[in-house]
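One structure below.
Just so you know, these numbers use all the heavy atoms, side chains as well, and skip hydrogens, waters and symmetry mates.
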Amino acid sequence: MLSLSRTFRKVVLPGFNNEDVLVELQDERVLQVSVESGNFVSRFKIPDSGNLEQLKANMHHGVLVVTVPKFHQSPADRNVRVVEIDGTD
């Protein structure tokens with residue numbers, strides 16, 4: 001789920017609480033959600049616009065919500081370049 005200021009991931013884990021669930025940020029901006037019993041593992045790619053330093057997770061009644069605030073960039077701050085296309089028709 002996306003918003004203008006942050007990205008959300010919602011994972012429904014009925015019967016589990018926050019002590020049963022492990023949320024890990026792995027290499028290549030991959031977020032892994034797993035349960036202690038090993039019966040569930042899911043991975044999500046965090047967008048490049050996501051601020052990993054402010055990543056938060058909240059669990060309530062078996063529903064895990066991971067929030068990743070986005071970096072605020074003005075259009076002038078973006079690193080954009082034009083790529084030349086080779087070839088002929």
Side-chain angles (χ1 to χ4, degrees):
M1 183 184 312
L2 296 173
S3 79
L4 295 177
S5 63
R6 57 188 48 120
T7 300
F8 300 94
R9 280 288 175 189
K10 186 185 290 189
V11 181
V12 179
L13 299 163
F16 292 99
N17 61 42
N18 59 345
E19 294 173 359
D20 302 323
V21 178
L22 179 63
V23 178
E24 298 176 293
L25 183 60
Q26 300 178 337
D27 295 337
E28 302 299 322
R29 302 179 70 87
V30 173
L31 185 74
Q32 177 174 297
V33 177
S34 60
V35 295
E36 194 173 90
S37 64
N39 292 335
F40 176 83
V41 175
S42 186
R43 292 180 182 90
F44 306 98
K45 177 84 170 165
I46 302 294
D48 290 338
S49 62
N51 183 345
L52 300 179
E53 298 298 319
Q54 295 185 9
L55 185 139
K56 294 182 182 179
N58 184 14
M59 188 151 184
H60 188 68
H61 295 296
V63 178
L64 174 71
V65 176
V66 178
T67 305
V68 185
K70 292 181 182 179
F71 286 112
H72 296 287
Q73 289 183 327
S74 68
D77 292 339
R78 294 185 189 142
N79 185 13
V80 177
R81 68 182 181 99
V82 175
V83 177
E84 186 175 331
I85 301 172
D86 292 332
T88 59
D89 283 334

For V66 and F44: C-alpha separation, side-chain torsions, deciding distance, then whether side-chain contact (heavy atoms from CB on, under 4.5 Å) applies. CA-CA 11 Å; V66 178; F44 306 98; over 6 Å; no
Quick one: CG on D20 to CG on L13, what's the gap to the nearest 0.5 Å? 9.5 Å
Separation between OG1 of T67 and NZ of K10, rounded to the nearest 0.5 Å: 10.5 Å
Does [X] share a hydrophobic cluster with [Y], counting links as ILVMFWY side-chain heavy atoms below 4.5 Å and allowing steps through other members?
X	Y	value
F40	L64	yes
V35	V63	no
V68	L25	yes

For D48, check salt bridge (charged side-chain N to carboxylate O under 4.0 Å, His left out) against everything at least two apart and list the hits. R29
Going by the salt bridge (charged side-chain N to carboxylate O under 4.0 Å, His left out) test, which pairs reach into residues 35-46, not counting sequence neighbours? none
Tell me who clusters with L22, hydrophobic residues only, linked when side chains sit under 4.5 Å apart either directly or through other members. none
Donor-acceptor contacts under 3.5 Å from residues 50-59 side chains, at least two apart:
| residue | atom | partner | partner atom | Å |
| --- | --- | --- | --- | --- |
| N51 | OD1 | E53 | N | 3.1 |

Which atom names give the shortest non-hydrogen contact between V41 and S34, and what distance separates them? CG2-CB, 3.9 Å
Partners meeting side chain to side chain donor-acceptor pair (under 3.5 Å) with Q26 (sequence neighbours left out): Q32
